[in-house]
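What follows is one structure encoded as structure tokens, with my remarks underneath.
Values reported hereafter were calculated over all heavy atoms of this structure, with side chains retained and with hydrogens, waters and symmetry mates removed. Values in this document were obtained by computation on a predicted structure and should not be read as measured data. We name chains A, B, ... by the order of the sequence lines, and we start the count at 1 in each one.
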Amino acid sequence: MQFESLPGFREFYPEACRLRNYIFSHWRKVARCYCFSEYDAPVLEPLELYIEKSGEEIVGQLFNFEDRGGRAVALRPEMTPSLARLVGAKANSLKRPVKWFNIGEHYRYERPQKGRLRAFYQFNVDIFGEAGPAADAELICLLIQSLQSFGLGEADFKLRLSDRDLWLLMLASEGLDEAASAKVLGIVDKLERMERAKALESLSAILGEQAESFLGQVERLTTIRDFAGLRAFVEALPLEGARQEAARQRLAEWTALMEHVEAAGLMAFLQIDLGIVRGLAYYTGFVFEAFEASGEGRALAGGGRYDALVKKLGGPEMPAVGFAMGDVTLIDLLESKALLPKFVDAPDIVIVMVGADERKLALLDAASLRAVGYQVNYPLKEQGFGKQFKAANQSGARFALIYGTDELARGAVKVKDLTSGGECEIRRSDLLQTLPELIEHGLMADDGAR
RNA sequence: UUGAGGGUAGCUUAAUGGUAGAGCAACGCACUGUGACUGCGUUUGGUGCGAGUUCAAAUCUCGUCUCUCAACCCA
């Protein structure tokens with residue numbers, strides 16, 4: 001019987017695994033540099049957790065089943081609900097702001113396609129307990145720097161920033177209630193990929209004859225790319241009283257956020273784009289997505305503020321903002337930009353030995369070298385010299401240590417620099433002392449004389 | 001869930017109805033004290049799976065699985 005892996009699930013052969021760990025290590029490093037703490041949560045959760053957050057429809061997109069105890073469970077499709085529960089449960093004892101991150105695998109029962117699989121890794125980064133725009137800005141900077149750490153520059157990706165609060169104000173000024181606003185935002189979200197006529201049709205169902213002029217207004221808003229333009233647009237909205245005040249405050253928060261990113265020197269990556277609204281209803285303020293600079297392809301990362309979610313999932317009132325970045329789109333992008341390093345598992349040292357007696361001494365030395373952290377390899381079975389050298393060379397090792405009868409009789413081994421071909425003899429007792437210098441400087445081809 | 005296009009050895013591929021072939025890789029030998037070269041050799045498949053048409057199927061037909069791309073969805 002032949003078995004294959006399940007659709008949308010990857011097998012990580014060593015090379016792919018190295019790549020995966022490379023991605024993880026960069027994510028982790030940047031998060032630590034921003035002083036976020038790593039947490040983890042169960043991979044299997046009560047199905048209800050996701051229904052509560054996203055509605056019944058979500059079930060069709062989950063790996064879910066009934067466990068032996070009759071519980072309806074699901075593999076996690078995202079981290080946020082688990083995280084909200086974790087934070088909610090200890091909300092009163094956590095020092096704020098709570099800055100946490102996770103790297104974990106997530107599962108969605110969808111048909112795989114470019115940039116999307118059924119099992120994928122996500123980098124989740126969140127801040128709880130800080131309502132001000134500095135938290136949003138901090139995450140935006142972290143997101144930008146994490147992408148930069150892979151060698152991506154401002155010509156490679158942009159972070160598109162939008163604001164659901166401004167949208168709601170704008171929609172309120174058009175006289176839309178909450179339910180109608182949600183529907184309209186759903187359409188705005190798709191506008192970029194939708195034909196205008198079709199969008200108009202969908203809007204007419206909600207707005208009737210105003211649809212045409214409304215769509216014009218939407219198009220003006222979504223094409224704004226600078227803050228002055230956005231400010232002018234918002235100030236021109238027919239708002240009064242509390243709403244006018246809210247709009248003024250919101251613009252101040254925009255200013256604060258942008259000043260923060262500007263001060264961090266990352267403004268070149270930020271692009272105002274109110275066309276981003278994110279499909280999810282639970283976002284409450286700033287929302288953002290990172291895209292390849294041309295705007296092609298899937299979002300590299302997405303996030304925003306979700307101030308109401310912790311409470312909805314049973315916790316206390318707790319402002320929150322976060323984002324997630326997936327490994328699949330990121331790897332696709334790095335590959336297309338030729339930014340994936342070539343990974344090699346080359347040993348530091350390969351031992352070449354002549355026979356069984358020499359092998360015993362070699363094993364002893366290998367153990368001490370390994371104990372202090374060198375990557376040491378040797379053939380597992382007896383092989384001829386020529387073959388051992390060939391293998392040593394192919395392994396990419398920097399040095400060969402040669403355990404030959406003559407050298408060992410003198411209490412020494414021969415060291416060969418496999419890149420230069422230089423050789424010299426070292427007393428076995430001096431190995432640990434001498435190797436660091438050899439590795440630092442290498443052996444010239446004529447060093448054997450010294 | 002829907003639509004389109006693919007699946008031949010570990011990888012890249014050839015064979016348009018008539019003996020499934022090559023390159024790379026891997027392994028072995030030349031090669032028991034010095035590698036990146038070379039030479040020789042070996043291994044690997046019933047063509048994703050199943051059925052059908054045919055004297056004959058990798059090739060044509062149907063079903064199915066899977067991959068890729070797209071639609072839906074996108075937390």
Side-chain angles (χ1 to χ4, degrees), chain A residues 1-11 13 15 45 49-55 57-62 74-84 106-118 120 122 124 126 186 189-190 192-194 198 276-283 287 289 297-304 306 309 322-326 328-329 332 350-356 358 379 381-408 413-423 445 448:
Chain A
M1 188 68 195
Q2 287 253 334
F3 290 104
E4 290 176 354
S5 66
L6 291 168
F9 283 73
R10 287 169 290 178
E11 293 171 306
Y13 282 85
E15 201 176 335
E45 290 276 19
L49 179 63
Y50 303 111
I51 296 177
E52 180 64 28
K53 186 207 158 204
S54 309
E57 321 80 64
I58 196 72
V59 178
Q61 322 234 42
L62 298 178
L75 288 172
R76 64 183 180 200
E78 56 167 328
M79 191 49 108
T80 310
S82 308
L83 173 60
H106 299 265
Y107 311 87
R108 295 179 188 173
Y109 199 89
E110 299 177 293
R111 191 105 162 236
Q113 55 188 277
K114 191 172 181 59
R116 180 160 84 184
L117 299 171
R118 286 183 172 180
F120 53 93
Q122 269 193 351
N124 274 264
D126 296 86
D189 186 39
K190 297 185 176 77
E192 205 170 325
R193 312 179 288 274
M194 208 187 241
K198 212 165 169 196
I276 303 289
V277 295
R278 312 267 305 150
L280 287 306
Y282 68 82
Y283 282 110
V287 288
E289 291 185 349
R298 268 165 198 288
L300 291 160
Y306 51 100
L309 191 66
F323 74 82
M325 182 180 327
V328 182
T329 327
D332 281 352
V350 163
I351 294 180
V352 172
M353 48 208 166
V354 79
E358 291 78 7
K381 61 179 179 187
E382 287 201 30
Q383 283 182 323
F385 251 62
K387 184 159 297 187
Q388 291 190 53
F389 272 101
K390 184 179 274 192
N393 188 61
Q394 284 177 351
S395 75
R398 181 68 199 282
F399 289 100
L401 280 188
I402 300 152
Y403 281 69
T405 322
D406 298 346
E407 293 90 339
L408 287 172
V413 293
K414 193 181 276 183
V415 184
K416 176 159 182 158
D417 184 327
L418 290 169
T419 44
S420 69
E423 294 186 343

[N] pairs with, by Watson-Crick or G-U criteria that keep both distances under 3.5 Å:
N: B:C29; value: B:G39
N: B:U44; value: none
N: B:A15; value: none
N: B:U68; value: B:A4
N: B:A20; value: none
N: B:U34; value: none
N: B:A9; value: none
N: B:C60; value: B:G52

Any salt bridge between [X] and [Y], counting N to O under 4.0 Å?
X: A:Glu407; Y: A:Lys414; value: yes
X: A:Arg118; Y: A:Glu110; value: no
X: A:Arg278; Y: A:Asp189; value: no
X: A:Arg108; Y: A:Glu78; value: no

Answer with base, sugar-phosphate or nothing: what part of the nucleic acid does [X] contact at a heavy-atom distance below 4.0 Å?
X: A:Lys390; result: base
X: A:Pro7; result: sugar-phosphate
X: A:Gly8; result: sugar-phosphate

What's the gap between [N] and [M] when it is taken at their [atom1] atoms, as a whole Å value?
N: B:C72; M: B:C62; atom1: P; value: 29 Å
N: B:U12; M: B:G17; atom1: P; value: 26 Å
N: B:A9; M: B:A71; atom1: C1'; value: 36 Å
N: B:G45; M: B:A58; atom1: P; value: 16 Å
N: B:G46; M: B:A57; atom1: C1'; value: 12 Å

task = Could you tell me whether B:G50 is syn or anti, where syn means a glycosidic angle within 90 degrees of zero?
result =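 Anti, since the glycosidic angle lies more than 90° from 0.
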Take the protein atom [atom1] of [X] and the nucleotide atom [atom2] of [N], then report the distance between them rounded to whole Å.
X: A:Glu110; N: B:A70; atom1: CD; atom2: C1'; result: 15 Å
X: A:Asp417; N: B:A36; atom1: CG; atom2: P; result: 17 Å
X: A:Asp406; N: B:U32; atom1: CG; atom2: P; result: 18 Å

Quick one: the side chain of [X] and the base of [N], do they pair up donor-acceptor inside 3.5 Å?
X: A:Glu423; N: B:U34; result: yes
X: A:Arg116; N: B:C73; result: yes
X: A:Arg298; N: B:C74; result: yes
X: A:Arg111; N: B:U2; result: yes
X: A:Glu358; N: B:G33; result: no
X: A:Lys414; N: B:U34; result: yes

ask   = Just checking, any donor-acceptor pair under 3.5 angstrom between side chains of A:Ser5 and A:Arg10?
value =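 The answer is no; no qualifying pair exists.
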key: Contact summary for A:Thr419 and A:Arg398, nearest pair of heavy atoms   =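 Smallest interatomic distance, heavy atoms only, reads OG1-NE, 3.3 Å.
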